[in-house]
There are 2 protein chains.
Amino acid sequence: MKSQLSAKRKRIVDFIRQFMEAKGYPPTVRDIQGGCGISSTSVVDYHLKVLEKEGHIRRDAEVSRGIELLGRASSLPKVQVPIIGQIAAGEPVPVPDSETWDAAAGADLLEVTADLTRGRQDIYALKVKGMSMVDALINDGDIVLMQYVNTVDNGEMAAVWLKAEKEATLKKVYIEPGRVRLQPANSRMQPIYAEPENVEIQGKVIAVIRQLGKPA
Amino acid sequence: MKSQLSAKRKRIVDFIRQFMEAKGYPPTVRDIQGGCGISSTSVVDYHLKVLEKEGHIRRDAEVSRGIELLGRASSLPKVQVPIIGQIAAGEPVPVPDSETWDAAAGADLLEVTADLTRGRQDIYALKVKGMSMVDALINDGDIVLMQYVNTVDNGEMAAVWLKAEKEATLKKVYIEPGRVRLQPANSRMQPIYAEPENVEIQGKVIAVIRQLGKPA
DNA sequence: TTAAAAATAGAACAATTGTTCTTCTTAGGC
DNA sequence: GCCTAAGAAGAACAATTGTTCTATTTTTAA
């Protein structure tokens with residue numbers, strides 16, 4: 001149902017998008033009139049009616065600024081995730097506290113679409129430092145999205161703190177009788193085993209994001 | 001400047017957010033009045049004035065629905081990236097064509113925030129199949145964001161098609177005198193060398209996204 | 001060329017909607 | 001109690017803004 005846009009109507013849609021971005025609310029018919037160099041409000045209304053029929057916008061009758069851009073741009077909400085620190089082999093893993101998710105708290109924020117977090121709560125992010133996690137297929141500089149939990153299901157990847165060794169690592173965790181098996185994500189590599197008392201789950205790994213060719 | 005919200009004002013802010021999500025445009029004073037069970041428009045105006053002074057919203061005077069939520073919505077635009085196929089060791093790498101970025105073209109779309117693509121154009125995505133890319137620290141099921149280019153700078157990671165071997169791989173590419181060095185991202189591993197005629201750059205790797213614990 | 005469809009113009013109207021004014025109630029500090 | 005500030009109520013007003021009507025021009029198709 002969504003046919004191709006004529007030049008003028010594409011201009012109108014673009015204008016609505018820009019206006020929305022700049023102001024936070026949609027333009028009026030007269031805003032569009034001025035912004036697109038159209039000489040009458042009735043012409044704007046005419047094109048808006050066509051755009052609605054073609055499925056590019058949705059309009060609410062008799063409602064001021066009652067225009068919504070469709071084209072499934074607005075579907076997925078964004079989530080802001082605080083980057084609370086870095087994870088490195090020899091350092092304790094930063095853990096979120098009650099203030100971590102206060103909007104005011106000024107930490108670095110990463111913005112991701114909600115499909116990455118799948119609507120989960122208590123999400124935070126850590127920046128990976130060093131090459132010690134390559135067995136988990138995680139590189140220096142990667143961002144790991146974490147969920148703050150103290151237990152994980154078998155096979156889920158978690159940030160693990162090995163108390164005796166004072167070492168942080170990212171591994172798939174399997175609870176086995178009398179021991180915990182820590183399995184690298186790279187299944188070609190060998191697991192290591194640890195005493196249950198020696199293992200502290202610091203959080204569950206939800207996703208990994210790597211940007212290549214970063215500036216310094 | 002952003003003090004804590006009283007119960008009633010928190011309700012108003014939440015209502016504005018929900019209304020915005022549902023309708024695509026902000027509510028009127030009277031919408032808020034009805035939605036929050038307030039008995040007079042002047043009371044709504046009173047609270048909106050306070051919310052603006054406290055920095056939670058921005059208002060445009062004399063403008064209908066002239067309310068913008070601040071704080072969140074740092075308004076990084078989102079980008080829709082088509083997932084045009086999969087990349088596996090023994091298969092040719094899908095390359096985008098002119099129709100790939102037509103909004104209408106129905107392929108799977110991945111939505112990411114623009115900071116991931118850094119505003120680059122001609123971005124597409126591939127789903128990694130198989131374990132053959134683990135030397136690039138890329139796992140089965142990962143999504144790689146690609147930019148459609150035929151040449152890369154030294155050290156950038158690219159999707160490479162080795163014509164003779166009929167094999168696809170993701171490697172860092174270094175042009176050297178008389179040969180091309182293909183270096184795994186895992187720097188502990190050894191590079192391989194190829195004839196320049198045997199190397200076809202299919203695209204540059206911009207980012208890697210991995211979701212853990214996916215449903216089937 | 002000619003007729004139909006698409007697009008444009010200008011104006012007037014009516015509904016929506018922000019603003020303001022006055023009065024009243026409630027809550028907390030002294 | 002008495003005071004001040006915050007909050008609430010209702011109504012009236014004025015600006016904003018969507019809608020509609022008729023007439024005209026341009027484009028498209030036969």
Side-chain angles (χ1 to χ4, degrees), chain A residues 1-70, chain B residues 1-70:
Chain A
M1 194 55 65
K2 192 178 289 189
S3 71
Q4 208 53 17
L5 290 162
S6 78
K8 176 152 270 174
R9 283 196 275 263
K10 173 163 168 42
R11 180 149 179 224
I12 292 177
V13 170
D14 287 344
F15 176 80
I16 295 173
R17 197 186 316 282
Q18 287 176 258
F19 191 101
M20 196 76 193
E21 183 73 28
K23 303 265 205 170
Y25 48 83
T28 65
V29 170
R30 285 171 180 81
D31 289 330
I32 299 171
Q33 183 190 1
C36 297
I38 296 173
S39 54
S40 170
T41 60
S42 67
V43 176
V44 177
D45 185 65
Y46 167 74
H47 286 297
L48 289 180
K49 279 197 170 78
V50 176
L51 283 170
E52 182 172 30
K53 187 167 299 179
E54 292 178 340
H56 295 97
I57 65 172
R58 188 183 63 77
R59 283 229 287 174
D60 283 343
E62 321 253 296
V63 166
S64 75
R65 305 173 190 272
I67 303 172
E68 183 177 16
L69 284 177
L70 298 180
Chain B
M1 194 59 66
K2 194 177 289 188
S3 71
Q4 210 52 18
L5 291 162
S6 77
K8 176 154 271 176
R9 284 197 274 266
K10 174 161 167 44
R11 179 149 180 222
I12 291 177
V13 170
D14 288 344
F15 177 79
I16 295 173
R17 195 189 317 286
Q18 286 177 258
F19 191 102
M20 196 76 193
E21 182 72 27
K23 304 267 202 167
Y25 47 81
T28 66
V29 170
R30 285 171 181 81
D31 289 330
I32 299 172
Q33 183 190 0
C36 297
I38 297 173
S39 54
S40 171
T41 60
S42 66
V43 177
V44 177
D45 185 66
Y46 167 74
H47 286 297
L48 289 180
K49 277 196 171 78
V50 176
L51 284 169
E52 183 174 29
K53 186 165 301 181
E54 293 179 338
H56 295 97
I57 65 172
R58 189 184 64 76
R59 284 228 287 175
D60 282 343
E62 322 252 294
V63 165
S64 75
R65 303 173 191 273
I67 303 174
E68 183 178 15
L69 284 177
L70 299 179

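Chain naming here is simple, since letters A, B, ... match the order of the sequence lines and numbering starts at 1 in each. For clarity, every value in this text was computed on a predicted model and none was experimentally measured.
Sequence order on DNA chain C of the closest nucleotides to A:Lys8 and A:Val63 puts A:Lys8 first from the 5' end. Of the two residues contacting DNA chain D, namely B:Gly37 and A:Glu62, the nearest-nucleotide position lying further toward the 5' end is that of B:Gly37.
Taking atom CD1 of residue B:Ile38 and atom C1' of nucleotide D:dA6, one finds them 14 Å apart after rounding to whole Å. Distance, B:Ile32 CD1 to D:dA8 C1': 16 Å, rounded to whole Å.
Closest heavy-atom contact between B:Tyr25 and B:Phe19: O-CD2, 3.1 Å. Shown here for A:Lys23 and B:Arg58, the closest heavy-atom pair between the two residues is O-NH2, 2.9 Å. The nearest pair of heavy atoms linking B:Asp45 to B:Arg59 is OD1-NH2, 2.7 Å. In terms of heavy-atom proximity, A:Arg65 sits nearest to A:Asp31 at NH1-OD2, 3.3 Å. Scanning all heavy atoms of the two residues, the minimum distance from A:Pro26 to A:Ile67 falls at CG-O, 3.5 Å. Taking each heavy atom of B:Pro27 and B:Phe15 in turn, the nearest pair found is CB-CE2, 4.0 Å.
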Letter per nucleotide, 5' to 3', of nucleotides 21-26 of chain D [B base touched, S only sugar-phosphate touched, - untouched; heavy atoms, 4.0 Å]: B-----

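Protein chain A touches strand DNA chain C; the 5'-most and 3'-most nucleotides with an atom under 4.0 angstrom of its non-hydrogen atoms are C:dA6 to C:dT17.
Atom CG of B:Leu69 is separated from atom NE2 of B:His56 by 10.5 Å, given to the nearest 0.5 angstrom. Rounding to the nearest 0.5 Å gives a distance of 9.0 Å between CE of A:Met20 and CD of B:Glu68.
Residue B:Val50 is out of contact with every strand shown, counting any heavy-atom pair closer than 4.0 Å.
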